[in-house]
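Remarks on the structure that follows.
Just so it is clear: chains get the letters A, B, ... in the order the sequence lines come, proteins before strands, and each one is counted from 1. The structure presented is a predicted model; accordingly, all values stated were derived computationally and were not measured.
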Protein chains: 2
Amino acid sequence: MTHNTTQQSFERSFCPVACALDDLGDKWTLLIIRDLLLGKKRYQEFLASPEHIATNILADRLKKLESAGFVLQQAYQQKPVRYQYVLTQKGKDLRPILQALVKWGKTYYPGSRVLDAVE
Amino acid sequence: MTHNTTQQSFERSFCPVACALDDLGDKWTLLIIRDLLLGKKRYQEFLASPEHIATNILADRLKKLESAGFVLQQAYQQKPVRYQYVLTQKGKDLRPILQALVKWGKTYYPGSRVLDAVE
DNA sequence: AAAATTAACTTGTATAATACAAGTTAATAT
DNA sequence: ATATTAACTTGTATTATACAAGTTAATTTT
């Protein structure tokens, strides 16, 4: 996918920050990435996070993360077929960004803690 | 401001990532921070960015960035009084996050470039 | 065997956010 | 007197989000 997938009538610049925000710029996507980096794989695991993401938002984000190449959907069983999600290299390489965010956040939201530690 | 300023009926976790996304998790805020890190200060400079942010969104984000302690509004002239925006330490400390985002983005959106270089 | 449970979603709907065009205000420049 | 400028604000249509509830296919419990 190229940059800018939204319905805007003109494009943003071809800046790495702008491109990244087109894929990651919302309140939920990076929290799902955080959970994936922490080893979570299944729908119910993401739902069980104390962030309380709505089911439709989770389904939508997983779909977008897959089509943008951040995760792969894998069937972990048949009858009924059920899927789990694993990070691609593109997704795994977001770890330094999350780490920087965690470091910064722990400074400016004193007392905040990553639940299972990405740090 | 504490974490979670939105109208949700319950809170997200007190995770540094969740807290950061409450303030920064949208498609525009980090682009304004990028411009501030590049030395831009005035409303028209932000508008002149090739991202084409809408004027009402820019005004809204500057207001939120100020109330969340990322920027300070300073009058740079009287009659008529006009304001510019400068980063606080909290805002300046986002630089490593932006740098990580730029590094990652240049890898995964090949050809993308920061207009005036935050790198 | 019938009823309940489970995982992974989907659907409906009210509320909030975003995009876009246009308007406002106070002062300086022509 | 008219135009221009900087920094916004307002109106409105479209899109996204939050929340509750429903669906499907299979297994587990009673």
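Rounded to an integer number of Å, the gap from CG of A/Asp26 to C1' of C/dA16 is 15 Å. Atoms CD1 (A/Ile57) and P (D/dC19) sit 10 Å apart, rounded to a whole Å. When rounded to the nearest whole Å, the span between NE2 of B/His52 and C1' of C/dA21 equals 15 Å. Rounded to an integer number of Å, the gap from CG of B/Leu21 to P of C/dA17 is 16 Å. For the pair B/Glu51 CD and C/dT18 P, the interatomic distance rounds to 16 Å; values are reported in whole Å. Remark: P of C/dA7 and CD of A/Gln77 are 10 Å apart, rounded to the nearest angstrom. If you measure from atom NZ of B/Lys27 to atom C1' of C/dA16, you get 16 Å, rounded to the nearest angstrom.
Checking side-chain atoms of B/Ser112 against main-chain N and O of A/Phe14 turns up no donor-acceptor pair under 3.5 Å. Proximity of a side-chain donor or acceptor of A/Glu66 to a complementary backbone N or O of A/Leu62 within less than 3.5 Å is not detected. Not one N or O on the side chain of B/Lys90 forms a donor-acceptor pair closer than 3.5 Å with the backbone of B/Phe70.
Not one side-chain nitrogen or oxygen of A/Trp28 sits closer than 4.0 Å to the OP1 or OP2 atom of D/dA16.
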### Message
Does the protein touch nucleotides 7-12 of chain D at the base, only the backbone, or not at all? Give it as B, S and - per nucleotide, heavy atoms under 4.0 Å.
### Response
BBBBB-
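Ring-centre distance between A/Tyr109 and A/Trp104: below the 6.0 Å cut-off.
Taking for each of A/Ala54 and A/Lys79 the nucleotide of DNA chain D with the nearest heavy atom, the 5'-most of the two is the partner of A/Ala54.
Residues B/Leu24 and B/Thr29 share a closest heavy-atom pair of CD2-CG2, 3.8 Å.
With salt bridges taken as basic N to acidic carboxylate O contacts below 4.0 Å, one links A/Arg12 and A/Asp22.
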